[in-house]
Amino acid sequence: LTWQEWAQAERAAIQSAGLWRRVRDFDGRGPVGTIDGRRVVSFASNDYLGLSHHPAVVAAARAAAESWGAGAGSARLIAGSRPIHSRLENELASWKGTERALLFPSGFAANLGVLSALGAPDVLVVSDELNHASIIDACRLSRARIVVFPHRDADAVENLLADHDGRAIVVTDSVFSMDGDIAPLDALTEACRRHRALLVIDEAHAVLGPEGDVAGIDSLRVGTLSKFLGAAGGFVAGPAPLIDLLTNRARPFIFTTAGSPADAAAAGAALRIVRSEEGTRLRARLRTLIDLLEPGHPSPIIPVVLGSEESALAAAATLFDRGFLVPAIRPPSVPPDTARLRITLSAAHTEEQVESLRRALAEVRGVRA
Ligand SMILES: Cc1ncc(COP(=O)(O)O)c(C=O)c1O
């Protein structure tokens, strides 16, 4: 077989399993836009506070591009660092209550950077079974002994740490990206305290918390500028010795071009809004919208698990016909037989939009609205 013939055969196999995906362009600003020629309300973005199109965020990006140009031109350690990068790192550290923060080109790269720099064959890494793909790949790059623990099972973590003699890392999403549920941070912190393990928390989706009190243990908080900070990029916040070491050892930081000045400026402007009264109002609004759809649910990620790939695709197609963009999430993004709709809410949605999605969902699920 030529490579092209091989790729066609692979494609046919993926298609016949109902798992083929393609890129679709969403032409819009905020939740309303056009995709495949149809006007829809998107419930598919992680822009949870609508900050990607906030006037102050857009203005900051524009001003930074005017000052420093569109691209940084080289890696941070060479000549790519601009004052806007260091300012943002200081602001991120202050927000997370840590000594330092370090920017990465994406949240994905931040996870790769942390575990590849801190892992070694004599290190144990314990990782929740539903952690994000970037953590799974980071584990592989770490060269450490990896043990995957059952979802949210802090007792299992305690036992694994108790059985290990030497350095250990516990890594977890704080809000799980496909289920929208929350890690048992207090219990994990306690286990790490007892066994002097490092707790790495990926807070990519933690727009409404949980905060997690990690005082007194070694911990790193991984975050992204790409979701509720409305820009693109990632970061790690933590104590100076660890962040300084990452600056020297994390290859996804060292061997890549610095993020664009516009992205850093946009994320900084968004962060200032997040920390202001306006941010408090936006989070309260998001909370209200979540409660309209799923009262009490802890995050803006609301899964509707349907099981088979076909049923998830059919439900997404029905919703699309009614003007809603809600993605069908299939393996390998989620475990087999748990294909689902993944609804994400934003403070930029209106009550009416959420209400009409709720009614359409009830029809799709065959229950009364
Ligand atoms: C939990 C989690 N961590 C990391 C990432 C990667 O972040 P980024 O999109 O900035 O690469 C994502 C999302 O894609 C995520 O859901």
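All values reported here derive from a predicted model rather than from experimental measurement. The analysis underlying the following values was restricted to heavy atoms, covering all of them including side chains, and did not include hydrogens, waters or symmetry mates. Every number for a ligand or one of its atoms is a count from 1 in the order of the listing.
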Taking the inter-plane angle between the rings of Phe176 and His151 on a 0 to 90° scale, is it parallel (under 30°), tilted (30 to 60°) or perpendicular (over 60°)?
perpendicular
Proximity flag Ala133 to ligand 1, non-hydrogen atoms under 4.0 Å
no
Look at atom CD of Glu277 and say whether more than 12 heavy atoms of other residues, nucleotides or ligands are closer to it than 6.0 Å.
no
Asp263 side chain to Ala232 backbone, donor-acceptor under 3.5 Å:
yes
Measure the distances from the heavy atoms of Ser134 to every atom of ligand 1 and state whether one is below 4.0 angstrom.
yes
Where ligand 1 meets Asp173 - atom numbers and elements under 4.0 angstrom, heavy-atom basis:
1 (C)
Among all the protein's non-hydrogen atoms, which is closest to atom 5 (C) of ligand 1, and how far away is it?
His132 CE1, 3.5 Å
Please list every donor-acceptor pair under 3.5 Å in which a side-chain atom of residues 162-171 meets a protein atom from a residue at least two apart or in another chain.
from, atom 1, to, atom 2, distance (Å)
His164, NE2, Arg167, O, 3.0

For Ala204 and ligand 1, does the shortest N/O to N/O distance drop below 3.5 Å?
no
Which of the numbered atoms in ligand 1 are below 4.0 angstrom from a heavy atom of Gly233?
10 (O)
One should read off an interatomic distance between Arg76 CZ and Leu103 CG, to the nearest 0.5 angstrom, of 5.5 Å
Nearest neighbour in protein (non-hydrogen) for atom 4 (C) of ligand 1:
Asp202 OD2, 3.4 Å
Protein heavy-atom partner closest to atom 13 (C) of ligand 1 - residue, atom, separation in Å
Lys227 NZ, 2.5 Å
Contact check: Thr224 vs ligand 1, nitrogen or oxygen atoms, below 3.5 angstrom
yes
Ligand 1 atoms nearer than 4.0 angstrom to some heavy atom of Ser177 are 16 (O)
Give the residue, atom name and distance (to 0.1 Å) of the protein heavy atom nearest atom 6 (C) of ligand 1.
Phe108 N, 3.4 Å
Does any N or O atom in Gly107 lie less than 3.5 angstrom from one in ligand 1, N or O only?
yes
What orientation do Phe324 and Phe43 show, parallel under 30°, tilted 30 to 60°, or perpendicular over 60°?
tilted
Side chain to side chain donor-acceptor pair (under 3.5 Å) pairs, two or more places apart, involving residues 53-62:
His54-Glu278
Any Lys/Arg nitrogen of Glu351 or Arg285 sitting under 4.0 Å from an Asp/Glu carboxylate oxygen of the other?
yes
Among all the protein's non-hydrogen atoms, which is closest to atom 16 (O) of ligand 1, and how far away is it?
His205 NE2, 2.6 Å
For a quick check under 3.5 Å, do Arg342 and Ser333 share a side-chain donor-acceptor pair by atom type?
no
